[in-house]
Amino acid sequence: MANSTRRYRLFKANILKTRGKICECCHVYAKHLHHIIPVQETGIHAELVFEPANIMILCDDCHCLMHPARRYPWLTLRIVRSHALAR
């Protein structure tokens, strides 16, 4: 398991270095890698997980849009904070 984690971290660092830390949807700072063909479909050990053509670099907000059913605690805090500031 440690080798898979290390391999993925190196892969992620390389993708961000070569393609930049810019969201490929909205062009703001980004740090997330999104798999176009989901890992749930291929399995974590599939080579497609490490295929650059299967990756999009996304910001927090755009990554949330790609996973609408997923819960993000930081997003909930951001929404609550924005509602409080709007008052």
task: Please test H34 against I55 for side-chain contact (heavy atoms from CB on, under 4.5 Å), starting from the C-alpha separation and ending with a verdict.
output: CA-CA 5 Å; H34 173 72; I55 296 294; over 6 Å; no
message: What I'd like to find out is whether the side chain of Y29 reaches to under 4.5 Å of the side chain of I22, using heavy atoms alone.
response: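 No, every pair of side-chain atoms sits at 4.5 Å or beyond.
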message: If you define the side chain from C-beta out and look only at heavy atoms, does anything of C62 sit under 4.5 Å from M56?
response: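 No. Closest side-chain heavy atoms not under 4.5 Å.
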Taking atom [atom1] of [X] and atom [atom2] of [Y], what is their separation to the nearest 0.5 Å?
X   : Y   : atom1 : atom2 : value
L58 : C26 : CG    : SG    : 8.5 Å
C25 : H63 : SG    : NE2   : 10.5 Å
T42 : F50 : OG1   : CZ    : 9.5 Å
N54 : E47 : CG    : CD    : 12.0 Å
L10 : K17 : CG    : NZ    : 11.5 Å

Test item: R19 side-chain N/O and P52 main-chain N/O as donor-acceptor pair under 3.5 Å: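 It does hold such a pair.
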query: Backbone N or O of V49 within a donor-acceptor pair of the H35 side chain at under 3.5 Å?
result: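 Flag set: sc H35 to bb V49 pair under 3.5 Å.
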message: If hydrophobic clusters are built from ILVMFWY residues whose side chains come within less than 4.5 Å, do V39 and Y8 share one?
response: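 Yes: a chain of side-chain contacts under 4.5 Å links V39 to Y8.
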message: Just to verify, what does L16 make a side chain to side chain contact (heavy atoms under 4.5 Å, CB included) with, not counting sequence neighbours?
response: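 Residues passing side chain to side chain contact (heavy atoms under 4.5 Å, CB included) with L16: K12, K21, L33, I57.
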